[in-house]
Student: 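Here you go, one structure.
Read the numbers this way: they start at 1 and go in the same order the structure lists the ligands and their atoms.
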Amino acid sequence: MEIKGGVTIRAPRQVVWDSLNAVEVLQRCIPGCESLVQDSDTSFAATVVTKLGPIKARFQGRVSLSDIDAPRRYTLQGEGQGGVAGSAKVTIQVALEELAADQTQLTYSAQAQLFGKLAQLGSRLVDAAAKSLSEEFFAKFRQAIEGPDSAQDLPSEDSPTETRAHRLPDSQQSGRPVVAATGTEDPIKLFVTDGMAIVTLNRPAVKNAMSLQMWKRLAQIFDDLGKDRQVRVVILTGAGGNFCAGADIAEFESVRDNAQQSRDYEVAVDACCSAIFQLPKPTIAVISGYCLGGGAHLAMSCDFRMAAADAVFGIPAGRLSIVYGVNGTAKLLALVGVTRAKQILFSAQRFGADDALRWGFIDHREEATPSDSAGWLGWFKRRPAPLAQDPMAAARRFAQQMIQQAPLTQSGAKFMLNSMALSLAGLDAAEAERRIRQASDSQDYREGRQAFLEKRTPRFQGS
Ligand code: COA
């Protein structure tokens with residue numbers, strides 16, 4: 001079977017291309033996608049639940065990109081095993097044509113093959129289901145780029161999705177989502193969807209090691225997210241199966257070679273981690289693979305750390321004769337206690353997600369996925385099989401739960417808890433009092449009571 005179609009998207013071709021390569025966007029748009037974990041520049045481990053006629057199945061497999069001619073075309077291949085239902089293989093050729101500076105024609109041609117029980121379904125039924133899945137994907141994809149305005153003529157089952165790259169404060173005035181295209185090559189990517197900002201460290205070739213420029217840029221991104229009222233929760237994660245292997249040691253010779261440079265470098269690291277730590281909104285670090293050194297400080301600067309079973313933590317400052325910064329050390333002490341903190345810093349030992357959970361370094365550990373890929377998909381075993389479930393889905397669920405609650409409650413509680421438990425300065429009691437009064441005087445306080453009386457969900461504005 002072959003399905004062809006197209007959609008015109010009001011965005012520059014580069015923006016559409018970047019979105020076609022962004023794991024957050026793909027996960028959001030693939031119908032029934034439960035998780036999508038990028039494990040290389042061009043491949044993802046995927047779990048997708050699909051109903052074909054009377055058969056509903058959970059497919060586990062891979063999505064890979066090939067024949068890449070950026071930003072014009074690529075081929076997306078998905079192959080998955082749906083248990084007793086059988087298995088499926090889908091190939092989609094996607095091409096982008098520039099119609100105007102801000103208009104792109106996306107055309108696609110998809111072929112699907114079914115095996116096992118699924119192959120016994122009538123071809124008309126299968127064709128209709130495949131056509132509707134393709135249309136749903138590309139409709140959601142367009143909506144993800146263009147924002148809620150484009151929803152008028154799209155299927156309306158989903159809440160509006162907004163996707164954009166680093167939006168500068170002045171673009172907030174327009175009221176329309178701006179997709180300012182952090183390219184796929186950009187070392188930090190940002191997407192905003194449904195009140196959630198997903199910030200992705202994106203240097204998979206060096207396990208997302210942070211360059212000096214990245215520390216500075218990440219600080220700026222978090223400062224801007226703090227001012228953006230549409231963003232309610234921020235998720236910080238890493239591309240390519242790792243969170244962050246710490247500071248980029250390769251550039252130390254040029255940017256952190258002596259005491260003065262080291263001091264300046266630490267100022268940049270602290271400014272970045274403080275921007276995350278002091279963001280007046282909930283933050284979640286979603287951690288797979290390595291989370292080391294400065295990467296651990298980034299994670300500890302978030303309110304929550306949700307990790308995959310394969311996560312590996314450590315602070316190997318002792319291997320480089322570096323004294324870990326004061327603020328990172330304070331957070332480590334608060335999370336794991338003094339003896340554990342000494343153990344981690346003195347020994348530079350790496351520890352896994354189980355220990356991290358037990359010691360209080362992380363607060364959620366995702367269960368491992370069976371890596372069994374028997375049957376006709378046996379050849380998958382030659383590739384790195386996904387051993388750990390992506391914690392992103394759990395993080396998004398938790399974020400959604402927090403987004404329902406009053407922003408002033410969260411920012412007030414965060415201010416108090418951070419200063420009482422995690423920072424050197426201690427609590428500014430007058431500021432705490434001011435925040436308590438601000439919440440009691442707020443429109444949101446009235447809205448919360450009103451909503452309770454009217455038995456409806458409150459709509460909070462943060463003021
Ligand atoms: N800075 C710069 N480059 C780094 C890096 C870092 N912190 N961490 C990893 N890389 C690079 C490696 O140099 C390598 O580059 P190459 O392919 O050009 O040789 C690439 O990332 C892959 O890393 P590699 O060491 O080959 O992978 P591995 O799986 O064997 O080990 C680590 C991964 C993270 C355990 C190991 O790279 C490491 O110990 N990194 C340093 C971690 C650290 O000390 N961080 C604290 C810095 S203050």
Student: Charged N to carboxylate O below 4.0 Å: is that the case for K189 and D186?
Tutor: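 No, no charged N to carboxylate O under 4.0 Å.
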Student: If the contact criterion is a heavy-atom separation under 4.0 Å, does P316 count as touching ligand 1?
Tutor: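 Yes, that is the case, since the closest heavy atom of the residue is under 4.0 Å from the ligand.
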Student: Using a 4.0 Å cutoff against the non-hydrogen atoms of V206, which atoms of ligand 1 qualify?
Tutor: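 Contacts of ligand 1 toward V206, numbered from 1: 9 (C), 10 (N), 11 (C), 21 (O).
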Student: Which atom names give the shortest non-hydrogen contact between I362 and A307, and what distance separates them?
Tutor: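 The pair with the smallest heavy-atom distance is CD1-CB, 3.8 Å.
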Student: Using salt bridge (Lys or Arg N to Asp or Glu O under 4.0 Å), reason through K414 and D303 one step at a time and then give a plain yes or no.
Tutor: CA-CA 8 Å; K414 179 163 176 171; D303 298 316; 2.9 Å; yes
Student: Can you list the atoms of ligand 1 that are under 4.0 Å from a heavy atom of L292?
Tutor: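 The atoms of ligand 1 under 4.0 Å from a heavy atom of L292 are 34 (C), 42 (C).
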Student: Taking atom 35 (C) of ligand 1 as the point of reference, which of R350, R256, K207 owns the nearest heavy atom?
Tutor: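 It is R350 that holds the nearest heavy atom.
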Student: Ligand 1 versus N242, non-hydrogen atoms closer than 4.0 Å: side chain, backbone, both, neither?
Tutor: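 Contact part for N242 vs ligand 1: neither.
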Student: Regarding E251 and R256, does a basic nitrogen lie under 4.0 Å from an acidic carboxylate oxygen?
Tutor: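 So E251 does not pair with R256 through a salt bridge.
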Student: Just by distance, do the side chain of E34 and the backbone of A393 share a donor-acceptor pair under 3.5 Å?
Tutor: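 Such a contact is absent between E34 side chain and A393 backbone.
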Student: Among G246, A245, G293, A250, which one has a heavy atom closest to atom 45 (N) of ligand 1?
Tutor: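 It is A245 that holds the nearest heavy atom.
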Student: Measuring from the heavy atoms of A317, does anything fall under 4.0 Å of ligand 1?
Tutor: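 Contact absent.
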Student: Check the pair F141 / S19 against side-chain contact (heavy atoms from CB on, under 4.5 Å), numbers first and verdict last.
Tutor: CA-CA 8 Å; F141 182 72; S19 303; 3.8 Å; yes
Student: What protein heavy atom sits nearest atom 1 (N) of ligand 1, and how far away is it?
Tutor: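 Checking every protein heavy atom, the shortest distance to atom 1 (N) of ligand 1 gives I249 N, 2.9 Å.
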